[in-house]
Participant: 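Handing you this structure, nothing more for now.
Computation of the quantities below employed the complete heavy-atom set of this structure, encompassing side-chain atoms and omitting hydrogens, waters and symmetry-equivalent molecules. Residue numbers run from 1 in the order of the sequence given.
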Amino acid sequence: GEYMYTTMEYYENVFPYIYVNMIKVGELSGSLENSLAQAIEYLENSDTLMRRIKKILIPNIAMFGGLIILTIVAVLFGVPMLKGIFESIGSEQELPALTMAVYNFTIKLQEVWYIPVGIIAVLVFVFINWLRTPKGKYDFDYFKYTMPIFGKLLYLLDFSRLMQGVLLNLQ
């Protein structure tokens with residue numbers, strides 16, 4: 001005997017806020033069929049946008065990860081090879097100090113790898129829990145919209161989605 005939107009509000013992690021409100025407007029105004037059609041259109045547009053964004057981001061993130069792995073492999077295997085080459089030809093020259101510093105750092109890091117992994121795990125845990133608070137959500141959104149390069153893009157994307165939702169509700 002309850003409205004559908006009241007049930008959907010209990011599952012806010014499943015149904016987007018704007019979707020629930022579109023259903024609410026439809027049920028309260030007596031035009032649920034129209035609201036459902038608009039909600040489907042909104043969700044399809046959002047899904048299309050997310051697919052486009054993922055299509056752009058995933059290859060770039062994979063390339064960045066590949067570069068990090070390639071750098072680690074080069075430092076761990078390439079530097080010892082270079083040192084061996086220098087020693088085998090009897091050269092008195094040394095590898096650059098920065099190269100040796102990075103190499104020595106990675107060797108030390110191999111010995112105590114669990115410390116940085118543990119620190120990163122704790123930081124991720126704290127960050128996720130902070131994001132679940134209202135202040136954390138607000139601060140993170142503020143950061144997203146004011147960060148250089150991508151801030152304006154993220155703001156425009158979210159504003160566009162908001163205006164789409166408003167337009168669909170007004171229709």
Participant: What residues form a salt bridge (charged side-chain N to carboxylate O under 4.0 Å, His left out) with Arg51, not counting sequence neighbours?
Facilitator: Asp47
Participant: Return the minimal non-hydrogen interatomic distance between Ile85 and Ser88, and the atom names on each side.
Facilitator: O-OG, 2.9 Å
Participant: Among all residues two or more places apart in sequence or in another chain, which pass the ring-ring contact (aromatic ring centres under 6.0 Å, His included) test with Phe140?
Facilitator: Phe127
Participant: Using atom types as modelled and distance alone, determine if a side-chain donor or acceptor of Glu27 lies under 3.5 Å from a backbone N or O of Met4.
Facilitator: yes
Participant: Please list all pairs meeting salt bridge (Lys or Arg N to Asp or Glu O under 4.0 Å) that have one or both residues in residues 52-62, counting only residues at least two apart or in different chains.
Facilitator: none
Participant: Which residues satisfy the ring-ring contact (aromatic ring centres under 6.0 Å, His included) test with Tyr145, sequence neighbours excluded?
Facilitator: Tyr155
Participant: Name every donor-acceptor pair, under 3.5 Å, that has one atom in a side chain of residues 97-121 and the other anywhere in the protein, sequence neighbours excluded.
Facilitator:
| residue | atom | partner | partner atom | Å |
| --- | --- | --- | --- | --- |
| Asn104 | ND2 | Met100 | O | 3.1 |
| Thr106 | OG1 | Val102 | O | 3.3 |
| Thr106 | OG1 | Tyr103 | O | 2.7 |

Participant: How about NZ on Lys144, more than 12 heavy atoms from neighbouring residues, nucleotides or ligands closer than 6.0 Å, or not?
Facilitator: yes
Participant: What pairs of residues pass the side-chain hydrogen bond (donor to acceptor under 3.5 Å, both in side chains) test when at least one of them lies in residues 59-87, not counting sequence neighbours?
Facilitator: none
Participant: From Thr146 OG1 over to Leu154 CG, what is the distance, rounded to the nearest 0.5 angstrom?
Facilitator: 10.5 Å
Participant: List the steps, then state whether side-chain contact (heavy atoms from CB on, under 4.5 Å) holds for Asp139 with Phe143.
Facilitator: CA-CA 6 Å; Asp139 288 344; Phe143 167 74; over 6 Å; no
Participant: What distance do Asn129 atom CG and Leu131 atom CG have between them, rounded to the nearest 0.5 Å?
Facilitator: 9.0 Å
